[in-house]
Structure formats: structure tokens, C-alpha cells
Protein chains: 2
Amino acid sequence: MPQKRSYGQYCATAKTLDIVGERWTLLVIRELLTGPRRFKDLAASLRGIGTGLLGARLRQLEETGLVRRTTLPPPASVGAYELTEAGRELEPAVMALARWGLKWALGKPARGDAFHPGWAVLALQALFNPAEASGIRESYEFRVDDEVFHARVDGGQVQSVHGAAWEPTLTVTSNGSTFRAVASGELALEEAARSGRITIAGDRSAVRRFEKIFARPTPAKLPAVRAGAA
Amino acid sequence: MPQKRSYGQYCATAKTLDIVGERWTLLVIRELLTGPRRFKDLAASLRGIGTGLLGARLRQLEETGLVRRTTLPPPASVGAYELTEAGRELEPAVMALARWGLKWALGKPARGDAFHPGWAVLALQALFNPAEASGIRESYEFRVDDEVFHARVDGGQVQSVHGAAWEPTLTVTSNGSTFRAVASGELALEEAARSGRITIAGDRSAVRRFEKIFARPTPAKLPAVRAGAA
DNA sequence: CGGCATCCATTTTGATACTG
DNA sequence: CAGTATCAAAATGGATGCCG
């Protein structure tokens, strides 16, 4: 019984990290932020984790009450994992980490970096600007490669989910690599649309709202000050 | 050369965790959020890290540009570590983790939990309510055991630092255990003051503002749903 | 498919001893 | 005090294999 390791500090941050601070754990949460996922899909998204460690992490999260097992609605009717309320409430923390990463760490993809559209959807969500969204209530559909995500803006909040969930005001279609470039800020949405790499269908005025609501306020700087370097 | 381990994902969250996701790293950042610290003070606050690992983490953070070495102003004039701009910008993420922990994970101190007043100051800061703070510009002093912290509210933002930094509107004095209980929500400030465990000096009307600005919106629930437990 | 159990090569970590 | 050096104990990562 490898009695769980703890920082042993009476500190809110440390206690949180006692629960979600181990390797892979926050990425499992990230995967589940957009809805229930099956074991094999989690394993596929988390290249390198191995089924054993993934199983251990899920069991841990279940025991601490952040994740629960569920059964997908028919016709699927298969088992899956989803976040509990406590788990879902980690979203602000994950989004804060994502905002930092967008500004300071993301840059251009490294050779061999994996990519899944869902990550870009969460990046968009991280850029959500509540002030610009006030009074707006509409949904956006992202069709990237084979996957569909919906994002709904309502009451000054966003929620994004894997799969079709609402009647979209706007539908954005593209391949993964273009979507990746747009969500990371390398490529402007307008630019991508003009060059035909992205197709936008639906209410034209919603495009302008969309761009304001998910505006990139930070032009992405890089620190990477190699200390020892010359 | 143990070529740094990476998740290998083109995802803002994963890239952030590539940099700050290792054990102890975010706690080092947490310690530095309230100002520069010396090596030995970091080691003392982070019981269990060991000087070797602390050194390695600091070197890593220096290389990635989140931390830099500095010299404390005279008369101290000794070396210390402080956050760079990139490092300081992790504050929202650390605060988000702290808010989650305050609600879901903190509870009562476990036997053997370490505690430092600075952690409670950060917990208060995590509860900061910008809406209530609009138009307010004042500073609070916390004298806990031997340590002094100042928190300044201005322009809808807070900043807290280790040591005296501003002219305080209010001075709160108590021992560590009382301060811990108040910051964690176990004990109401009013209550602690009435029973004499905390002394409040300064502008009386500032006490009411203080309580609103750092109000605990979440009454602290606990998940801990043991899955396997009979 | 949906996992858990096992084995093993590497990394990370934790604790202490040691040096400038 | 500020770290390095060292070594034992854990955690991770792959690869299988197994079973319902």
C-alpha cells in the first residue's frame, strides 16, 4: 500500500496539488472538461501514459470524488468517465494554466507534438472575454477533421463540449492543422477564411462577435532566457 | 543529460505543465509570490524537498525564465530568488488552484501539517472580490507570530507581500494558529476579535470593507467519496 | 473493447553527508 | 549559508499477457 504522498502543508494550493498535482492528472481532467470520455479515447489522447497509469489515475480521481464512471446514453450505451461537480470546478484553474501557456509557452509546434482539436477548443475557451460576451447568447460549432465541438456563450459564460449539443449560430469548418494555427494565434481567423482554409457558415454578424469574445489580448511573448547560455 | 521530459502535446495547458508541472515547482512559485526569498528560507518552508531538489528546481526555473537571482537591498545585501514577469503571471493560476483547495480540499489541518502565515495570506488573497474592492484603495497589515505581511487593495486588484511595504489602514495581529483558522474559514474574524485571539487596530470602518473584500463565498464542502468503501 | 496485473529499464524523489 | 554529491526508495513508461 503506497500510502499517498502528500506535501504535508496546511495550504490550499498544496492540498490541491496533493490531489491533482501528479503527472498526467490535470491532463485527464482537461480531457474530461468537454464531456464524458471512454477509457480508450483517454488513452489515445494521452500518448505515453500507458493503460496501467491511466487506470491508476482514474481510480485515484474516482476515490477523491473528482471523476465518476457513467454510461453513455443509447445508442452508445457504453461505459465512460465524467467529471463530478468538484472535478468540473477545476476548470478555472486549468483555464488559468492554459492562458499562461498561450502567452508564454505555446509557440510553434515542436517536431513530434501531438495535437487534438479539443485542445484548441479549450484554448479558445481560455481566451473568453466575459465583458464582450455580456448579453450575448449564441452557440458556435467547430468541425475539425472528424470531430465536432460546440461552444455556447450565455450569461457572460462559456461552455464547450465534445459533440453536437446546441443549435449553432455559426459553423466553423477546417482541418486540424489550420484550426491549430488559428487557436494558437499564428493565423488570424479572417485570414484563414479568406484563403479558404477555414469555412464559416451561418450568421455573418456572429463572426464579428465571435472574434471579440475570443480575442487574443496577449500577443504571445517568449521568455526562454537560457541562463547558462554564453 | 536527462533531456527534459515533456508531454509532447501542442496544448497550452500541457506546455505549461511541462514547465511548472513537476513536483514542488508550483510551491516554489507560491513561496516567491510574496516577494524574494533566500535559499534557506525556501528550504525551510518546503519541508521535505531537500536542498538538492530545491537547487535543481530553481535552476530549471531560472533557465526557463520564471525566476531570477537577485540581491536583497542593504543592509541585508544577500542573494535571493525572485519571480520574473513571466513567473509573476502564474499568480492567477496559483490562486485558482488555491480557491479550489479552499472549497474542496483544505478542511481541518491534518496531524503533522506544516503551516506558515504566508500561506494564509495567499488564501485571503485568493478570496479577493474585485467587485467589492472597486474604488477602494487601502492596505492591511498582518502581524502573525514573528512575520509581517502587507496586502494592498487598489484599482480593483490586490497584491500581498512579505514584509512592510505600505502605510496600513488596518493592522491585524494574532498568533499563527488563530490566523490559520480565520483564513481557512473555520473561525470568523469578528468572533476571533471578540474573544481576543486577534487584535485589530486602525480604521474601524476598514474592518467592514476588509470583510467584504475577502469574503468567503464558498462554505467549504468536502467530496472525499471513497469509491470502494463498503 | 475495457481494463487490471506483472515485469523491467529509467527517471525522479527524498534524505543526508559533504564542501567552498 | 548555499549549494553539490551520493545513494536508496518511489514513480514512470513500455511491453505484454490475461480475463470477462
Side-chain angles (χ1 to χ4, degrees), chain A residues 1-9 14 17-28 31-32 36-63 67-72 75-82 112 114 227-228, chain B residues 1-9 14 17-28 31-32 36-63 67-72 75-82 112 114 227-228:
Chain A
M1 295 296 105
Q3 126 94 39
K4 193 160 174 16
R5 181 150 68 175
S6 158
Y7 287 112
Q9 300 182 350
L17 293 174
D18 278 343
I19 295 174
V20 300
E22 288 174 283
R23 192 164 164 78
W24 296 109
T25 302
L26 277 174
L27 297 187
V28 171
E31 291 300 317
L32 297 177
R37 302 285 299 274
R38 307 185 56 175
F39 187 94
K40 75 154 178 177
D41 293 325
L42 288 172
S45 286
L46 302 171
R47 198 185 51 184
I49 193 178
T51 57
L53 197 49
L54 176 56
R57 289 288 182 271
L58 286 168
R59 212 176 316 127
Q60 241 170 69
L61 287 170
E62 221 182 315
E63 278 169 16
V67 162
R68 78 167 78 91
R69 281 161 196 269
T70 184
T71 301
L72 262 26
S77 302
V78 291
Y81 294 88
E82 68 179 357
Chain B
M1 296 295 103
Q3 128 93 41
K4 195 162 171 16
R5 179 146 71 177
S6 159
Y7 287 113
Q9 300 183 350
L17 292 174
D18 278 344
I19 294 174
V20 299
E22 289 175 285
R23 190 162 167 79
W24 296 109
T25 302
L26 277 174
L27 297 187
V28 171
E31 291 300 316
L32 297 177
R37 301 286 297 275
R38 307 184 56 174
F39 187 94
K40 73 152 178 175
D41 293 325
L42 289 172
S45 286
L46 301 172
R47 199 186 50 186
I49 193 180
T51 57
L53 195 50
L54 176 57
R57 289 288 181 272
L58 287 169
R59 209 175 317 127
Q60 237 170 71
L61 287 169
E62 220 182 318
E63 278 168 17
V67 163
R68 78 168 77 89
R69 283 160 196 268
T70 185
T71 302
L72 261 26
S77 300
V78 291
Y81 294 88
E82 67 179 359

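Note: hydrogens, waters and symmetry copies are ignored here, and every other heavy atom, side chains too, is used. First the proteins, then the strands, lettered A, B, ... as listed; each starts at 1.
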Separation of B:L46 atom CG from C:dT13 atom C1', in whole Å?
14 Å
Using a strict 4.0 Å threshold on nitrogen-to-oxygen distance, state whether B:R68 and B:E62 make a salt bridge.
no
Once you round it to whole Å, what is the distance between P of C:dT11 and CH2 of B:W24?
24 Å
Rounded to whole angstrom units, what separation is found between the CD1 atom of A:I49 and the P atom of D:dA15?
15 Å
At 4.0 Å (heavy atoms only), tell me whether B:R47 reaches a base, stays on the sugar-phosphate, or touches nothing.
nothing
Contacts of A:Y7 and A:L54 projected onto DNA chain C by closest heavy atom; the upstream (5') one is A:L54
Mind checking A:G50 for me? I need base, sugar-phosphate or nothing, with any heavy atom below 4.0 Å counting as a touch.
nothing
From CG of A:D18 over to C1' of D:dA11, roughly how many Å is that when rounded to an integer?
16 Å
Between B:E22 and B:K4, does a salt bridge (Lys or Arg N to Asp or Glu O under 4.0 Å) hold up when you go through it step by step?
CA-CA 11 Å; B:E22 289 175 285; B:K4 195 162 171 16; 3.4 Å; yes
B:R57 side chain to B:L26 main-chain N or O, any donor-acceptor pair under 3.5 Å?
no
For A:Y7, which residues count as a ring-ring contact (aromatic ring centres under 6.0 Å, His included) partner, sequence neighbours excluded?
B:W24
Could you go through nucleotides 1-4 of chain D and list every protein N or O atom that sits under 3.5 Å from one of its N or O atoms, giving the distance for each pair?
from  : atom 1 : to    : atom 2 : distance (Å)
D:dC1 : OP1    : B:K40 : NZ     : 2.7
D:dC1 : O3'    : B:R38 : NH2    : 2.9
D:dA2 : OP1    : B:R38 : NE     : 3.1
D:dA2 : OP1    : B:R38 : NH2    : 2.8
D:dA2 : OP2    : B:K40 : N      : 3.1
D:dG3 : OP1    : B:R69 : NH1    : 3.1
D:dG3 : OP2    : B:Y81 : OH     : 2.8
D:dT4 : OP2    : B:R59 : NH2    : 3.3
D:dT4 : O4     : B:T51 : OG1    : 2.6

Report yes if at least one side-chain N or O of B:R23 is closer than 4.0 Å to OP1 or OP2 of D:dA10; otherwise report no.
no
Starting at OG1 of A:T71, measure out to CD of A:E82 and round the result to the nearest 0.5 Å.
9.5 Å
Looking at every heavy atom in both A:D18 and A:S6, which two are closest together, and how far apart are they?
OD2-OG, 3.0 Å
Taking CG from B:L53 and C1' from D:dA10, how many angstroms apart are they, rounded to a whole number?
13 Å
For the pair made of CZ in B:R5 and P in D:dT12, what is the distance, rounded to whole Å?
8 Å
